[in-house]
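Contents: one structure, followed by commentary.
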Amino acid sequence: MKKTMMGNYAASWGAQLARVQVIAAYPITPQTLIVEKLSDIVADGDLDAKFIKVESEHSAMAACIGASATGARAYTATSAQGLALMHEMLHWAGLARLPIVMTNVNRAMAPGWSIWADQNDSLSQRDTGWMQIYASSAQEILDSTLIAYKVSEKVLLPTLISFDAFFLSHTMEVVDMPDIELVDKYLPPYKPDYKMDVNDPRSFGALTDEQYYYEFRYKMQEAMDEAVDIIKEAGKEYEKITGRLYDLIHPYRCEDADMILVTSGTIADTTNVAVDELRAEGKKVGNLRIRVIRPYPKKEILEVVKGVKKLAVIDRNISPGYSGIFSQELKSALYNEVDIPVRSYIAGLGGRDVKIEDIKDMANDALKNDAPNDLIWKGVKL
Amino acid sequence: MVIKFQKNDKPVIITGAKDMPPMGAALGSMLQNKTGSWRNVRPIIDYDKCIKCFICWKVCPEPAIKIVDELPVIDYDYCKGCLMCAEECPKDAIDFEKEGK
Ligand code: SF4
Ligand code: SF4
């Protein structure tokens with residue numbers, strides 16, 4: 001069934017279709033609408049779930065951890081400062097190997113107080129052991145929620161689904177809602193091998209000395225490695241019921257490209273349009289959208305970029321003191337494998353609009369200049 | 001591979017990651033972890049004062065207080081000497097002495 005809805009509501013309906021059993025959340029703009037809608041859905045009896053109102057995001061994640069440990073399908077949503085407040089609990093969820101799915105509406109970190117799009121919030125949580133997806137349409141938000149539970153419950157790692165504030169969260173798009181019967185078949189109830197159960201008592205989070213801790217880290221890495229193929233399989237299986245295919249990376253017109261732009265989030269969709277226009281001008285440019293950054297799809301990326309003469313990365317985030325984070329990740333993937341110059345652009349921080357012309361400017365700059373460059377500030381007012 | 005880590009006295013032998021569950025959470029129940037060796041103070045129950053409310057049994061964080069013949073009995077294999085039982089006892093029936101005396 002097709003409906004027009006905001007990106008935020010696509011997340012709410014995604015959680016409803018996934019039949020989440022526990023929702024624990026604290027409001028924060030621009031995420032609030034997601035859980036507000038979910039509380040309506042629960043109150044209306046359209047979802048058999050426990051909605052827990054908590055006093056902070058830290059508690060929201062703690063409640064999700066408790067729920068997930070007992071074997072319930074748990075969900076929450078947040079943004080920026082709220083995600084940062086969860087930080088300790090994110091490590092906990094990751095190492096406790098709990099398949100929680102969380103939506104994060106990418107919002108700039110304060111100060112200056114900002115509610116607009118910027119990826120620094122979620123990328124600051126890169127090393128907490130969560131898989132990370134960056135969606136670029138409302139449809140993808142809903143679809144990713146279903147796929148994320150499927151993958152998370154298989155590899156026992158939580159998933160963070162992020163998307164740009166306002167450009168997606170508050171923008172109306174047409175979203176096709178798959179039939180619940182199909183979703184139920186795709187995503188059966190969660191049945192964990194280990195859970196908190198009074199009839200089979202186990203200690204949770206007990207002291208783990210150096211004889212075992214190291215191996216748990218090793219096992220987490222193994223799970224991340226396995227997740228690459230499982231994300232692909234879950235995507236293909238989802239395509240069978242909906243006709244929509246999701247992969248870790250989404251290349252666009254990359255086959256014969258001389259130069260590839262590397263993008264994520266909503267900038268990636270705008271870049272597809274820019275690529276069409278540049279192609280019409282005779283410039284052989286492609287766009288590689290990175291949809292999943294953890295696990296990092298290194299092999300898949302190399303496969304797409306190996307023959308290309310140049311790469312240009314656009315980052316809506318920055319690691320202060322170095323450079324854009326997608327750029328760092330890409331360069332570390334290329335090192336020891338292929339020698340391709342990379343030009344790295346920072347654009348759109350704090351929700352500044354990145355228009356088709358801006359992307360064409362960056363592409364033309366990269367086409368003209370052969371020298372690699374770690375940090376180019378697109379449109380900074382000096 | 002699903003390994004059943006048991007609460008009985010037959011722990012599974014772990015030689016490496018392949019024998020381990022995915023998370024520390026599932027390594028076993030606290031019955032496998034004899035925390036008695038941590039203790040440097042020893043709680044002692046004065047049964048003349050005890051009213052059998054079992055608050056001590058409830059607050060004890062280890063499997064260290066058992067109910068035997070309707071009385072709380074401390075199992076020193078597990079008692080780690082935290083004295084939560086003594087703190088919470090409404091009748092001050094639990095005193096303690098230094099370990100090694
Ligand atoms: S808390 Fe005190 S009074 Fe109550 S059962 Fe324990 S020792 Fe007895
Ligand atoms: S001191 Fe009391 S509460 Fe603490 S472990 Fe021993 S019996 Fe339990």
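Sequence lines set the chain letters: A, B, ... in the order given, protein chains first and strands last, and positions in each chain run from 1.
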Item checked: A/F216 versus B/P22, closest heavy-atom pair with distance -> CD2-O, 3.6 Å
Check: Would the number of heavy atoms belonging to other residues, nucleotides or ligands and lying under 6.0 Å from NZ of A/K232 be above 12?
Finding: yes
Next item on the list: Select one option (side chain, backbone, both, neither) describing which atoms of A/L95 are under 4.5 Å from chain B's heavy atoms.
Entry: backbone
Margin query: Using 0.5 Å steps for rounding, measure from the OH atom of A/Y218 to the CE atom of B/M20.
Written below: 11.5 Å
Notebook entry, point to check: For B/K91, does the NZ atom have more than 12 heavy-atom neighbours from other residues, nucleotides or ligands under 6.0 Å away?
Noted result: no
Check: Out of curiosity, B/K18 NZ to A/E222 CD, how far, rounded to the nearest 0.5 Å?
Finding: 11.5 Å
Note to self: Quick check for you: to the nearest 0.5 Å, what is the distance between B/M23 atom CE and A/T208 atom OG1?
What the structure shows: 12.0 Å
Next item on the list: Answer yes or no: are there more than 12 heavy-atom neighbours, outside A/Y335 itself, under 6.0 Å from its atom OH?
Entry: no
Next item on the list: For atom CZ of B/F96, decide whether the heavy atoms of other residues, nucleotides or ligands shown that lie under 6.0 angstrom number more than 12.
Entry: no
